[in-house]
Amino acid sequence: MRIATWNVNSLNVRLPHLLDFLAAEAPDMVALQETKCPDERFPRVEIEAAGYHVAFAGQKAYNGVALISRTPINACLFDLPGIVDPQRRFLAATIGELRVVNLYVPNGEAVGSEKFGYKMAWLDALIAFLRDELVRHRRLIVLGDFNIAPGEEDTHDPKRWEGGIMCSPSERSRFFELLDLGLIDTVRELRPESALYTWWDYRLNAFARNWGIRIDHVLCSTDLQAEDCEVGKKWRAQERPSDHAPLTVQFAGEIAG
DNA sequence: ATGGTTGTACGACAA
């Protein structure tokens, strides 16, 4: 099975790219973030016509997550337990024999800001939730835009990013707490030596210079085996791209189990 | 590298 995550930064603008991606890559499941799309305007018809089921949690202008799957999507949970959050950043669901948790972790703006405190509280609630979820589900995938670059090798310029937002010790320690629960960073496991990025700033021609960072992740429980991964840089190179590339991970076996 | 771009929605905020 092939599982992808993609922060599309407006599903309305990026729907043609998404439909091209589905046709070209034929993933079994895609987790989307930053759909910026209220539920009543979600492009259900177009995505279902491509042969996929949909589940979504959107809001006007900001945030918004969705799941797109060839296999029906069941038992959706739209709110991260343990925190009251009107922002649509979380969508957990059961797909075949998989439990999938799609995340759009708060950006945090700047270390020490009010939004940074929200990010830390959100991550702490996530860690508590996933500790329970791993007890309930042996085949668990946690994926999305984490807004955390786990290590120095995950930025194009460690000195520039050191201690800043997405790279601070408190954010990185939360990421490693997630791994310590029993989750695997599939991309780092598959490509231990590679500089792989998933996000490049729109500004300063950052993509052409490969000034990127790795903040989108696919984590899995130890019952699952990741076989291969790919960052879809060609989608970041399109006209009017998202600032994130899609990340696809190939797992052994099928969604049905 | 300390500026700059994009999306939403039409000014200002979020990223």
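When reading the values below, keep in mind they use all heavy atoms of this one structure, side chains included, and skip hydrogens, waters and symmetry mates. Per chain, numbering begins at 1; letters A, B, ... match sequence-line order.
- Residue A:Tyr104 is classed as a sugar-phosphate contact, given heavy-atom separations below 4.0 Å to backbone atoms only.
- As rounded to whole Å, 21 Å separates atom P of B:dT6 from atom CD of A:Gln33.
- Closest to the side chain of A:Arg14, from the set B:dA1, B:dT8, B:dG7, is B:dG7.
- Looking at which nucleotide of DNA chain B each of A:Tyr202 and A:Gly108 is closest to, the 5′-most match is held by A:Tyr202.
- Rounded to the nearest Å, the gap between the C1' atom of B:dT2 and that of B:dG7 is 23 Å.
- In this structure, A:Asp201 places its CG atom 12 Å from P of B:dG4, rounding to the nearest Å.
- The one candidate from A:Asn12, A:Val13, A:Asn9, A:Leu11 that meets the side-chain contact (heavy atoms from CB on, under 4.5 Å) condition with A:Lys36 is A:Asn9.
- Between A:Asn63 atom CG and B:dA14 atom P the separation is 10 Å, expressed in whole Å.
- Atom CG of A:Asp243 and atom P of B:dA14 are 16 Å apart (whole Å).
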Legend entry - Working for salt bridge (Lys or Arg N to Asp or Glu O under 4.0 Å), residues A:Asp79 and A:Arg88: CA-CA 8 Å; A:Asp79 290 290; A:Arg88 301 295 79 191; 2.8 Å; yes
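- Contact annotation: A:Arg160 side-chain N/O to B:dT2 OP1/OP2 distance is not under 4.0 Å.
- For B:dT2, neither phosphate oxygen OP1 nor OP2 lies less than 4.0 angstrom from any side-chain nitrogen or oxygen of A:Arg203.
- Atom name C1', nucleotides B:dT8 and B:dG3: the rounded distance is 23 Å, in whole Å.
- In terms of phosphate contacts, A:Ser242 brings no side-chain nitrogen or oxygen within less than 4.0 Å of OP1 or OP2 of B:dT6.
- Among the protein residues, A:Arg236 comes within range of no part of the nucleic acid, since none of its heavy atoms lies under 4.0 Å from any strand.
- Taking 3.5 Å as the limit, the base of B:dA15 and the side chain of A:His244 contain no donor-acceptor pair of atoms between them.
- Between the CZ atom of A:Arg41 and the C1' atom of B:dG7 there is a distance of 12 Å, rounded to whole Å.
- Spacing between B:dT5 and B:dA1 at atom C1', rounded to whole Å, works out to 15 Å.
- Rounded to a whole angstrom, the distance from the C1' atom of B:dG4 to that of B:dA15 is 13 Å.
- With rounding to whole Å, A:Lys60 atom NZ is found 7 Å from B:dC10 atom P.
- The main-chain N or O of A:Gly163 is never found under 3.5 Å from a side-chain atom of A:Ser168 such that the two would form a donor-acceptor pair.
- As a whole-Å value, the separation of A:Asp145 CG from B:dA14 P is 17 Å.
- In terms of modelled atom types and a separation under 3.5 Å, the side chain of A:Arg172 and the main chain of A:Ala149 share a donor-acceptor contact.
- Using bins of under 30°, 30° to 60° and over 60° for the plane-to-plane angle, the ring pair A:Phe90/A:Phe129 lands in the perpendicular bin.
- In this structure, A:Arg240 atom CZ and B:dT5 atom C1' are separated by 12 Å, rounded to whole Å.
- Summarising the geometry, atom CG belonging to A:Leu126 is positioned 10.5 Å from atom CD belonging to A:Glu177; distances are rounded to the nearest 0.5 Å.
- Nearest-nucleotide assignment on DNA chain B puts the 5′-proximal partner with A:Asn12, out of A:Lys115 and A:Asn12.
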